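Heads up: the structure comes next, in structure tokens.
Atoms within each ligand, like the ligands themselves, are counted from 1 in listed order. Note that the structure is predicted; figures quoted are calculated from it, not measured.
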Amino acid sequence: MKRLVLILFAVSYFLVSCQKTTHDKEMDRFINDLMKKMTVEEKIGQMNLITFTGGLATGATISEGPAEKIRKGQVGALLSVTGVEILRKAQDLAVKESRLGIPLFFGMDVIHGHRTIFPIPLGLSCTWDLELIEKSARIAATEASADGLNWVYSPMVDLARDPRWGRVAEGAGEDPYLGSLIATAMVKGYQGPGLKDSAAVMACVKHFALYGAAEGGRDYNTVDMSLIRMYQDYLRPYKAAIQAGAGSIMTSFNDINGIPSTANKWLLTEVLRNQWGFKGFVVTDYTAINELSNHGLGNLQEVSVLALKAGVDMDMVGEGFLTTLQKSLEEGKVTVTDIDNACRRILEAKYKMGLFEDPYRHLNEARAKRELTKPENITFARELAKRSLVLLKNENNTLPLKKSGTIAVIGPLADDQTDMLGTWAFFGDRQKIVTVLQGIKNITWPTAKVIYAKGSELSDVPGLMRALTFFGTPGLAKKPEEVEAEARKMLFEALKTAQTADVIVAVLGEAAGWSGEAASCSDIGLPETQKRLLKALIETNKPVVLVLINGRPLTLEWEDKHVDAILEAWAPGTEAGNAIADVLFGDYNPSGKLTMSFPRNAGQIPVYYNHKNTGRPFDERNKFTSKYLDVPNDPLYPFGYGLSYTTFEYGEPSVSNTNIKGDDTLTVKTTITNTGKFAGEEVVQLYIQDPVASISRPVKELKGFRKINLQPGETKEITFTVTTEDLKFYNADLKYVREPGDFIIYVGPNSRDLKQVKVKWE
Ligand code: BGC
């Protein structure tokens, strides 16, 4: 019997491998035939990604004459245009009117949902729920593909430890381990059961690489980083996404140790293709080839050569390839093989997507009608959003609120729709956005009275007011005196409203345009106009709950001291108001945990949990230790932190063995008891420290977590398995090694409050 099973297994394995080789061979044959027919110009055309008026432009350039270019075979893909009707026209031009009829890729920034908008990725990551995150990407893919798209510029997996950088909103926070798992989940979600599925879109991992480490948190800025740090931390989520099968990857705008990513052969060829075995195609970020000139690498022709030679396959919008490669070929600066390689990778991607079989796979009006913002998607958006909220403070059990009495909902974001979606949500269905005010009314009707006042503008800082939305806003047209008079009037109204209330819910934070691309800030506290309002509300001596809508960790020392309860809601998406109300009124017990540390002030940045020790670790009694004179070293709210309406008690962790040999595994157990009155979910976290090694190692690193649900009084035992993989790191020779010795295993509810056990691992 056993033999029979083995034979069957061997036969099926053989058949599967044959299928794979046949399939690859078929693809090769198909593409070889096609490429034989292509002129050099047509090959270069495939390497050209364009946009046009009516689409979105995140750089200065809009491509000229798109239709003519498509007809001439000068376009491989279209950017930022959505909708079946218009995309069908574009596909018709390519398929029916260009010489070889090669179908187009249609790409778009579908970052956290397409028409149904989910929480911004930073919020999503705070769910620590990989299944739900994957499902959100699956739904986003279903909607995007129903809207004609076949390629999404997501996931953004740039590790980020600097909340001044606006794009922290688009990523999964500061941790490489969690970031890698989330990257994998998202790629799986987008690409679904297989790229040929009509509801699958090709993922594009971005921004390769290290974009999140921009100096000073200023967008597009220089990165200079040790190789150990790159391999150990920053490169890991990209690698995970590639291993999960992402079909494409986008270069970043930044310079890396002197060579911008878009011209960085070591990065795009040595690391990405040779070391990681990436088989998909590389697209630049928006006009990133042209920008190599500003980096000081030469004129457009020269930088286009550099980019191609480095390993770039497709040029986003800048048309450096389109306008200069033919000349470079004639002058011997690039070879036909360079061009063929790039063109082939793009054609392979189209083949894998099944576009040659059916260029209209994603262009189905009936599907669009059926799939976009359908009720199940909205229901899921609420489920997901409530799980992304993080309770930062809850003094005297201020929350959950009662659904009775008079509730004053106050603040510039209280009755706001647009900012609920956050960054990169241009095609979010605006009709369906639920404001916080509406959500609170929905949940408390008819038992409570809900009153509202705006209270203040978001800010009076001109730079911020000019950046309310992604593409900028006209700013403050009013004179300072008018602004001041209006501010006083709004504050007066708010206080009058607050006087009659039993509790105040202040909804403050950031406009959608204050995070995301080109939205770095040096001050990451609440703007003065909003602080003034908050202070006045606190002076009424009524309980104040602060609900924060924002795209980055904020500095909240003052708020933490003075407000009764703080709920970090990020930009929660279409169902914002309902999800927030679910949590405020206890219909859902909050379970989100931070994936980025909240600094006490901007001067502490970067502050992240997996830092190293110095030679002079902080010691209060000793002046000559590593510290600031005016602020503690630790963040206000650490990585992994988040409160619940119930309390969880952790038992002492126990291990299966304190002396482990070689490749054995270690079992770590701990018990968690719900000691409060509410049922609740908890993210149990496991960290490891390697205290003695051949290089200095972080004080701790996340290596496992489990999300569990406990009824009041219930106890659960959680088991983690630690393997030698969890102990490995890149040593001084960049070898991925495990060094025997002592290890400290920590278990707890966040990266600060941990219980530990020590083991020896030989
Ligand atoms: C952004 C990318 C985005 C691209 C296309 C760029 O400005 O950096 O993240 O995918 O535009 O919209």
Side-chain angles (χ1 to χ4, degrees), residues 48-63 76-82 105-114 120-122 137 140 144 149-160 165-172 183 186-187 190 201-214 217-221 223 237-238 241 246-255 260-262 281-292 294 312 314-319 422-428 467 469-472 512-513 515-520 551:
N48 191 30
L49 166 59
I50 65 164
T51 187
F52 57 84
T53 323
L56 301 162
T58 56
T61 318
I62 296 277
S63 316
L78 261 190
L79 160 81
S80 296
V81 185
T82 195
F105 256 133
F106 299 126
M108 167 76 76
D109 289 280
V110 175
I111 307 289
H112 50 116
H114 180 53
I120 49 166
L122 185 59
L149 302 165
N150 46 29
W151 187 28
V152 294
Y153 304 132
S154 179
M156 183 191 106
V157 303
D158 306 322
L159 197 83
W165 190 51
R167 303 199 81 168
V168 300
E170 299 173 52
M186 293 194 74
V187 170
Y190 288 132
V201 289
M202 184 172 278
C204 184
V205 185
K206 68 189 192 185
H207 307 81
F208 195 56
L210 321 182
Y211 185 35
R218 184 155 52 74
D219 210 357
Y220 317 124
N221 208 3
V223 175
Y238 306 104
S248 64
I249 193 164
M250 186 186 292
T251 67
S252 57
F253 288 122
N254 53 285
D255 170 311
S261 314
T262 306
F281 74 97
V282 176
V283 62
T284 69
D285 203 343
Y286 206 102
T287 59
I289 294 181
N290 315 56
E291 292 167 27
L292 292 173
N294 284 342
V312 167
M314 190 182 269
D315 174 1
M316 189 188 286
V317 179
E319 302 203 337
T423 187
W424 293 113
F426 311 109
F427 297 98
T469 64
F470 191 87
F471 292 107
S515 62
E517 187 173 351
S520 297

Which atoms from ligand 1 have a heavy atom of [X] less than 4.0 Å away?
{"X": "K206", "value": "2 (C), 3 (C), 9 (O), 10 (O)"}
{"X": "E517", "value": "1 (C), 6 (C), 7 (O), 8 (O)"}
{"X": "F253", "value": "7 (O), 8 (O)"}

Given D219, T423, D158, the one that forms side chain to side chain contact (heavy atoms under 4.5 Å, CB included) with R167
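Of D219, T423, D158, side chain to side chain contact (heavy atoms under 4.5 Å, CB included) with R167 is met by D219 alone.
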
Of the side chain and backbone of [X], name the one, both, or neither that has a heavy atom under 4.0 Å from an atom of ligand 1.
{"X": "M156", "result": "neither"}
{"X": "E170", "result": "neither"}
{"X": "R167", "result": "side chain"}

Taking the six-membered ring for Trp, are F471 and F426 ring centroids under 6.0 Å apart?
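Distance test on ring centres: under 6.0 Å, yes.
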
Aromatic contact, Y286 with Y153 (centres under 6.0 Å):
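Ring centres of Y153 and Y286 not closer than 6.0 Å.
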
Donor-acceptor pair, distance only, cut-off 3.5 Å: does the side chain of T51 make one with the backbone of L78?
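Between the backbone of L78 and the side chain of T51 there is no qualifying donor-acceptor contact (under 3.5 Å).
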
Consider every N or O of [X] and every N or O of ligand 1, then say whether any pair is closer than 3.5 Å.
{"X": "Y153", "value": "no"}
{"X": "D285", "value": "yes"}
{"X": "D109", "value": "yes"}
{"X": "H207", "value": "yes"}
{"X": "Y211", "value": "no"}

Hey, can you tell me if F253 and Y220 have their rings parallel, tilted or perpendicular (30° and 60° cut-offs)?
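Plane angle over 60°, so perpendicular.
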
contact_flag M108 ligand 1 heavy-atom lt 4.0 Å
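No heavy atom of M108 comes that close to ligand 1.
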
